[in-house]
There are 2 protein chains.
Amino acid sequence: MNINISNANGEPIYLQIANQIKTLILEGKLKEGDALPSMRILATELRISFMTTKRAYEELERDGFIESYTGRGSFVKAQNLEIYREEQLKRIESLLVEASDTAQKAGITMQELHELLDLVNGGE
Amino acid sequence: MNINISNANGEPIYLQIANQIKTLILEGKLKEGDALPSMRILATELRISFMTTKRAYEELERDGFIESYTGRGSFVKAQNLEIYREEQLKRIESLLVEASDTAQKAGITMQELHELLDLVNGGE
DNA sequence: TAATTGTATATATAGAGGTTATACAATTCA
DNA sequence: TGAATTGTATAACCTCTATATATACAATTA
């Protein structure tokens, strides 16, 4: 496991860890059943408290990416991409609701909103 | 000026004040040149520190809705609706960028994004 | 049974946000 | 001109939240 953390970064350590592991899983570099390093070992490698690695793993567990068992370790779960997709859709929906509300108050039309959406998508 | 504040509400007092005045201006109930109550008078009415009303007025000033002059008072500015619109467009753009990025990572297509946008707009 | 793994509870620490107090400066107006 | 009124500036206080940690406990492994 190649995890890199930076103090300079404003992002909290536990999120840096969780996000990097999440990416490895989504990219298929970590697969169902794969064992993650134990919380204590990873913490020692990164020279941080193992409670911080625990926090990272909790985050991943909460999001359905891994499972942990006392005495055994932590393992990558079968990825339910459909559930992940649904969760992201919910997040996107709330963003769009806010955008839509703001637009309405400012007299910005739906057509403009759609055009803007195409515009920001093109720019990547 | 009929301003209502609530402690029960999680929204900070200075924002409650600023938003209510902002709405009055956008609805045309307060017009260019109209005098706002002095910070101290409004604070006394609302039984809060006048630094909190000042904070509210600063917010409104920052957003271009009012102007304040030492010794004279605070007044509604000529509304530049075009500037307001541009600012809201910027806010909307950043929301759409985030939505678009999230969609891309989750394999959600632009078409779905557009459909979702229509959907959330219809529901109001 | 010793070592390893995850869990639970409590604590410290820092930082941000919101509200307030107090002293200062400019304008008004009697 | 001088008192009253208005906005400004700086600092302090309080609360809440988030981050990271320490330490004791429980389950599994080998």
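Chain A is the first sequence line, chain B the second, and so forth, proteins listed ahead of strands; every chain is numbered from 1. Values reported hereafter were calculated over all heavy atoms of this structure, with side chains retained and with hydrogens, waters and symmetry mates removed.
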Inset, instruction - Starting from B:I41, walk the hydrophobic network (Ile, Leu, Val, Met, Phe, Trp, Tyr; side-chain heavy atoms closer than 4.5 Å) and list everyone else you reach, by chain and number. - result: none
Legend entry - Integer-rounded Å distance: C:dA26 C1' and B:M39 CE: 13 Å
Inset, instruction - Would you classify B:L42 as touching base, sugar-phosphate or nothing, given that sugar-phosphate means primed atoms plus P, OP1 and OP2, and contacts are heavy atoms under 4.0 Å? - result: nothing
Could you pull out the protein-nucleic contacts involving nucleotides 28-30 of chain C (nitrogen or oxygen on both sides, under 3.5 Å)?
none

Inset, instruction - Could you work out the complete set of other residues in the hydrophobic cluster of B:Y69, with links drawn between I, L, V, M, F, W and Y side chains under 4.5 Å apart? - result: B:F75
Inset, instruction - Tell me which residues in residues 44-61 of chain B put a heavy atom below 4.0 Å from DNA chain C, sorted by number, or none. - result: B:I48, B:S49, B:F50, B:M51, B:T52, B:R55
Legend entry - Pairs flagged by salt bridge (Lys or Arg N to Asp or Glu O under 4.0 Å) wherever residues 1-19 of chain A is involved - sequence neighbours left out: none
Inset, instruction - Quick one: which residue pairs count as a salt bridge (Lys or Arg N to Asp or Glu O under 4.0 Å) with a foot in residues 47-56 of chain A, not counting sequence neighbours? - result: A:K54-A:E58
Inset, instruction - Could you tell me which residues satisfy salt bridge (charged side-chain N to carboxylate O under 4.0 Å, His left out) with B:K29, sequence neighbours excluded, listed by chain and number? - result: B:E27
Inset, instruction - Might you work through the side chain to side chain contact (heavy atoms under 4.5 Å, CB included) test for B:K31 and B:V76, ending with a clear yes or no? - result: CA-CA 6 Å; B:K31 301 204 180 75; B:V76 176; 5.9 Å; no
Inset, instruction - Locate the shortest heavy-atom distance separating A:M39 from A:S74; write the atom from each residue and the value. - result: CE-OG, 4.2 Å
Legend entry - Where chain B begins and ends its contact with DNA chain D, read 5' to 3' at 4.0 Å from heavy atoms: D:dT6 to D:dT10
Legend entry - Nucleic acid contacts of residues 5-20 of chain B, taken as heavy-atom distances under 4.0 Å to DNA chain D: none
Legend entry - Heavy-atom check, side chain of A:I21 versus side chain of A:M1, under 4.5 Å: yes
Inset, instruction - Step through the shown structure and confirm whether more than 12 heavy atoms of other residues, nucleotides or ligands are within 6.0 Å of CD on B:E115. - result: yes
Inset, instruction - Mind checking salt bridge (charged side-chain N to carboxylate O under 4.0 Å, His left out) for A:E98 and listing every partner two or more places apart, or none if nothing turns up? - result: B:R91
Legend entry - Results of salt bridge (charged side-chain N to carboxylate O under 4.0 Å, His left out) for B:E112 - residues two or more places apart only: A:R85
Inset, instruction - Give a yes or no on this: more than 12 heavy atoms of other residues, nucleotides or ligands lie within 6.0 Å of atom CG of A:N7. - result: no
Inset, instruction - Only counting residues at least two apart or in another chain, list the ones meeting side-chain hydrogen bond (donor to acceptor under 3.5 Å, both in side chains) with B:T53. - result: none
